[in-house]
Amino acid sequence: TSCALVLAPASQATSTPTQIETAEHAAIGYLQSQQEAAGAFNGFGDEWVPTALAAAGVAPASVRTTKTAPDARTSYRSRWGNSATWPSRSETSASTFEKAALAAYASGIDPARVSASQNLIARVLGYFDPGTPGYYGEPGYLNATIFAVLALADAKTTKGVTRVPAGLLE
């Protein structure tokens, strides 16, 4: 039976561009239906919503429940920018700041300048562990390191200057 699995023909299942576009629109419609009046998407890993929207070509700044309600971008900037209330003590980890930085990029927010008191890039860099070079956050927790590299790899100022020393990415 293992030979049959190895020699089985490649899957012929494909989706047409129309089917892909239809599924994408349905997914975005679902996300938009889950948005709260204040602009957030609480309840199912909402820090990934801006990334999903941006990947589908939808600007988080254009997503709101009504014409006068806060948009998703404004909601996230407001939440992440208040260092007195975000993150909560239970959320404080390297990946908390890394995921927020990635979502900030997707939202069109400079993660180093979310607010006067919140620099997500600096917060991520604060988790670099010189005792275990190459790790961000808890040693051996590979996800935090992967998210850190994704968040930091292309961190540049508005003038295009790299914000992160190459040694911290190597």
Side-chain angles (χ1 to χ4, degrees), residues 23-24 27-65 69-158 162-170:
E24 187 176 89
I28 295 303
Y30 172 76
L31 285 177
Q32 290 175 322
S33 77
Q34 300 302 301
Q35 187 177 29
E36 296 179 353
F41 297 84
N42 291 322
F44 58 99
D46 79 315
E47 68 275 1
W48 293 117
V49 172
T51 306
L53 291 169
V58 177
S62 69
V63 179
R64 60 181 78 223
T65 57
D71 61 74
R73 179 179 187 260
T74 300
S75 173
Y76 286 109
R77 181 185 287 279
S78 175
R79 182 183 338 156
W80 300 325
N82 189 342
S83 59
T85 60
W86 185 89
S88 68
R89 288 185 190 263
S90 65
E91 293 180 303
T92 306
S93 70
S95 59
T96 297
F97 296 107
E98 296 156 354
K99 290 186 286 185
L102 291 169
Y105 283 125
S107 297
I109 300 168
D110 180 349
R113 300 186 189 286
V114 176
S115 71
S117 67
Q118 191 70 276
N119 178 336
L120 298 174
I121 298 299
R123 299 292 294 262
V124 170
L125 288 170
Y127 280 93
F128 180 72
D129 184 357
T132 55
Y135 279 100
Y136 285 83
E138 188 177 322
Y141 184 55
L142 187 58
N143 278 355
T145 299
I146 291 169
F147 289 144
V149 171
L150 290 172
L152 300 174
D154 206 24
K156 293 184 171 72
T157 66
T158 55
T162 301
R163 285 191 166 126
V164 180
L168 292 177
L169 294 173
E170 291 171 4

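Rounding to the nearest 0.5 Å places CG of Leu53 at 5.0 Å from CD1 of Ile28. Atom CZ of Arg64 and atom OG1 of Thr74 lie 7.0 Å apart (nearest 0.5 Å). In this structure, CG on Asp110 lies 11.5 Å from OG on Ser115, to the nearest 0.5 angstrom. One distance of note links OH of Tyr76 with CD1 of Ile109; it measures 9.5 Å at 0.5 Å rounding. Taken to the nearest 0.5 Å, the CZ atom of Arg79 stands 9.5 Å off from the OG1 atom of Thr85. Once rounded to the nearest 0.5 Å, the distance linking CG of Asn42 with CD of Gln35 reads 10.5 Å.
Considering every non-hydrogen atom in both Ser107 and Pro60, the closest pair reads CA-CG, 3.8 Å. The two residues Arg123 and Pro87 make their nearest non-hydrogen contact at NH2-CD, 4.4 Å. Nearest heavy atom pair, residue Ala148 against residue Val124, reads CB-CG1, 4.0 Å. In plain terms, the two heavy atoms of Ala37 and Ala69 that are nearest each other are O-CB, 3.7 Å. When all heavy atoms of Ala52 and Leu31 are compared, the pair lying nearest together is CB-CD1, 4.1 Å. For the residue pair Ala54 and Ala106, the shortest heavy atom distance occurs at CB-O, 3.6 Å.
Contact check for Val114 versus Trp86: no side-chain heavy atoms found under the 4.5 Å cut-off. Looking at Phe97 and Pro111, their side chains never come closer than 4.5 Å, going by heavy atoms from C-beta outward.
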Trace of the side-chain contact (heavy atoms from CB on, under 4.5 Å) decision for Leu125 with Tyr136: CA-CA 8 Å; Leu125 288 170; Tyr136 285 83; 4.1 Å; yes
Pair Leu152-Phe128, side-chain contact (heavy atoms from CB on, under 4.5 Å): steps then yes or no: CA-CA 11 Å; Leu152 300 174; Phe128 180 72; over 6 Å; no
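Every residue two or more places apart in sequence or in another chain was checked for a side-chain hydrogen bond (donor to acceptor under 3.5 Å, both in side chains) with Arg73, and none qualifies.
Ring geometry for Phe147 versus Trp48: interplanar angle of 30 to 60°, hence tilted.
Between the Ser117 side chain and the Asn82 main chain, no donor and acceptor come within less than 3.5 Å of each other.
A donor-acceptor contact closer than 3.5 angstrom links the side chains of Thr96 and Ser93.
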